[in-house]
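First up is the structure itself, then whatever we jot down about it.
Worth knowing before you read on, the calculation uses all heavy atoms, side chains too, and leaves out hydrogens, waters and symmetry mates. Below, chain A is the first sequence line, B the second, and so on; all start at residue 1.
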There are 2 protein chains.
Amino acid sequence: MPHTTAPMSLKSLARELGISAATVSRVLSGQAERHRISIATRDRVLGAARASGLVVDQLARSLRLRRTQSIGLLIPDISNPFFAQLARQIERRARHHGYSVLIADSEEDADVEAAAMTLMLSRRVDGLIVAPVGTPATDNPLRSLGGRPCVLVDRLLEQPSLPAVTSDHRHGAELATQHLIARGHRRIGCVEGSPGTFANDARIAGWRAAMASAGLAAGDDLVAGTGYSVDAGVAAARTLLRRAERPTAVLALGNVLALGVLQAAREERIIVPDDLSLVAFDDQLWAAVTSPALTIVEQPIEALGREVVDLLLERIAAPLDDPPARRILPVRLIERESVRDLGAGRVVPAPPAQRTPDPPAPAHGRAGAR
Amino acid sequence: MPHTTAPMSLKSLARELGISAATVSRVLSGQAERHRISIATRDRVLGAARASGLVVDQLARSLRLRRTQSIGLLIPDISNPFFAQLARQIERRARHHGYSVLIADSEEDADVEAAAMTLMLSRRVDGLIVAPVGTPATDNPLRSLGGRPCVLVDRLLEQPSLPAVTSDHRHGAELATQHLIARGHRRIGCVEGSPGTFANDARIAGWRAAMASAGLAAGDDLVAGTGYSVDAGVAAARTLLRRAERPTAVLALGNVLALGVLQAAREERIIVPDDLSLVAFDDQLWAAVTSPALTIVEQPIEALGREVVDLLLERIAAPLDDPPARRILPVRLIERESVRDLGAGRVVPAPPAQRTPDPPAPAHGRAGAR
DNA sequence: TTGAATTGCGCAAACGATTGTGCAACTCTG
DNA sequence: CAGAGTTGCACAATCGTTTGCGCAATTCAA
């Protein structure tokens, strides 16, 4: 029978029962045995607590215990599907361990990030999971968390050496590039996200490595991009596609960027994959129904969430475990229809475009529905 | 100069300065004037606070103030792009007003929802924003929040009469249906999400109304669907597409469902929009690059977030404002390429096969050649 | 019958902030 | 120079829990 009006507290329950708050507290926290509370008293407390719908105040509890049973999550853009899914996995795993999650969106802005982090620390989160915007300034809270553990996710940082969990961005890019090279592509461009962030730069490095070991040029004229938005993707793709020597393939270092590439290609009347092959990062539900269905480097989002939470919780339980562990999770390539096989080693220059209707592509790989 | 080791508190700062915590508190909260703290003391406090990187403990503050400056957000699936965007807007607006957001994902499960809500209440959120899973049981916390305000979003509820903000789901469905009817469609199906949830049912009602006022049948044989997932969408679309009298158009009551429809159509070798027109709900970045680009009923997500936060904060500031306001925000139709014009008023029957009442599962849909 | 052991629980001090009240030490005023 | 007014801050209670310590009352042993 819920009292709609009663902001019942442990204290008031104790008063009603004519016993001390201490006893109620001990009963409710299962310490009845250890403190030799009589069975009778215990049952009376339990019964009354249930009947009144008592929920103990976590605020007061946290204050006393110096532990909030909550963690902070700092994400650059929660509306980016990759981070949305990651956030979901993290929240789910944390809940599984009895932790709540305080989420903030840094909007890829270092100041917002710093402010949000300070706020979370002032709310006494037990630990922090951060996908950092970039290398933090010296007065950034990331550098002096109040002794509370912090684990990075998706993006590593050199400067403050913190434990981290990411997927193997570099290898993902290598895989994608090798895939294209094996299908005869020689000029392969990159539409990048935010230069300077770890995931982005690692992917660029992977691309460069693969190109180099195939003896191919990987100059700056093959890279463009200024951020993880569709518009930035469109602009970058346009730049690349208008180069004198147009790439026959591009890597889009993010699924939102792939949308930009697709859109730019439409505008320029360039057919994917006939005139331009495309490999994108981060699988999404819709990646199988774009035209064409996208070949994708998939990150293990669920594993990322699980690992990062577990790692943080380990640190919370036993701090000061000095060597900041780094877990790099494997990625895999999902082949769909956005890559054209140019045949053995031949570079086929793109023909002057002319719009052909979209072929009724048959369904292929299923989007990663978890 | 950040003390990496100092968990500085207002209290300890006061001790260091040789003054009382009361004074420090008053200075830090800008009450120096009102309490006639001398300029000298004020500056000494401010300086020391800045130098030591002091952040006041919000836990203790909240306990004393009986106000946490935080709100809870309960979402059925944060990885659904619609809710992810909504969450972002809500978090952003709340932050703008100085509130933090505690997010939980109910996974469309009433028990998880109830547990999460209880947890949030025990963490003393000042208010709650909920997209409810369904009509809550009598012992659901939604029915007896501890006197704290709660605003629903996206989904209304009849039972506990709470203020709410949604978009005009019903009118959106009417718009979409009228759009199709105006283009000559007569058999228009619905792929629904979770029957019983408000948004879903309102859309169905809108569809029925539009069909009825055009004198068209809107029977249950034109509706299918069991949830907001791609797989559910595929299954529902398959059911519809295999009916003896196949619809010439379908409404997908959610963007993820549209992906399912697209996929099912591929499998059945039915070309969109040539053989089947499609209108979906909730615009997404990728909706413009699917094949074909999707005609969409768009919800004003930013406005939804803004309104729901503002409404909640009003309630927090001045509770007991009895009439539970409901704000219904307008939607609009974005025309793209997934609807075919069948010509003025001509009823183009789907392949006029033999009239079989509800065949459970005919072998395979005809190859939609025409 | 008495001292020791056991049982069952309450007292009170934290945790770290906020705030109404009080009280010295000045500064005026006449 | 005495009383009144002002200035500048400290005291202590409070928010709701948790927990070390202690103390009555009962039971037991001798």
Touch class at under 4.0 angstrom, heavy-atom based, for B:Ser38 against every strand present: sugar-phosphate
Salt bridge flag under 4.0 Å for residues B:Glu107 and A:Arg92: yes
Touch class at under 4.0 angstrom, heavy-atom based, for B:Thr41 against every strand present: sugar-phosphate
Donor/acceptor link under 3.5 angstrom from B:Arg61 side chain onto base of C:dT18: no
d(CG, B:Leu54; P, C:dG16) in whole Å: 12 Å
Distance below 4.0 Å between A:Thr23 side-chain N/O and C:dG10 OP1 or OP2: yes
B:Arg148 bridged to B:Asp126 by N-O distance under 4.0 Å: no
Cationic N near anionic O, under 4.0 Å, A:Arg95 to B:Asp105: no
A:Leu102 vs A:Ser70, side chain to side chain contact (heavy atoms under 4.5 Å, CB included): CA-CA, chis, key distance, verdict: CA-CA 7 Å; A:Leu102 212 54; A:Ser70 70; 5.8 Å; no
Interatomic distance where CD1 belongs to B:Ile19 and P belongs to D:dT7 [whole Å]: 20 Å
Shortest side-chain distance from B:Ala22, nucleotide among D:dC11, D:dT14, C:dA12: D:dC11
Selected nucleotide, minimal atom distance to B:Ser9 side chain, candidates C:dA17, C:dC9, D:dC9: C:dA17
Value in whole Å for how far the C1' atom of D:dT17 lies from CG of A:Leu28: 11 Å
Proximal nucleotide (of C:dG16, D:dT17, C:dT18) relative to the B:Leu65 side chain: C:dT18
Rounded distance (Å) that lies between atom P of D:dT26 and atom CZ of A:Arg36: 16 Å
Partner of B:Leu86 by side chain to side chain contact (heavy atoms under 4.5 Å, CB included), out of B:Leu304, B:Asn80, B:Ile129: B:Leu304
Interatomic distance, A:Arg44 CZ vs C:dG8 C1' [rounded to whole Å]: 13 Å
Phosphate-side-chain proximity, B:Arg66 and D:dG16, N/O vs OP1/OP2 below 4.0 Å: yes
Integer-rounded Å distance: C:dT21 P and B:His35 NE2: 12 Å
A:Lys11 side chain, from C-beta outward: closest of D:dA12, D:dC15, C:dG10: D:dC15
Any N/O donor-acceptor pair, B:Arg26 side-chain to D:dG8 base, under 3.5 Å: no
A:Glu33 CD - C:dC9 P separation (whole Å): 13 Å
Gap between atoms CD1 and P, on A:Ile39 and C:dT7 respectively (whole Å): 13 Å
Below 4.0 Å: OP1/OP2 of D:dT17 and any side-chain N or O of A:Ser25: no
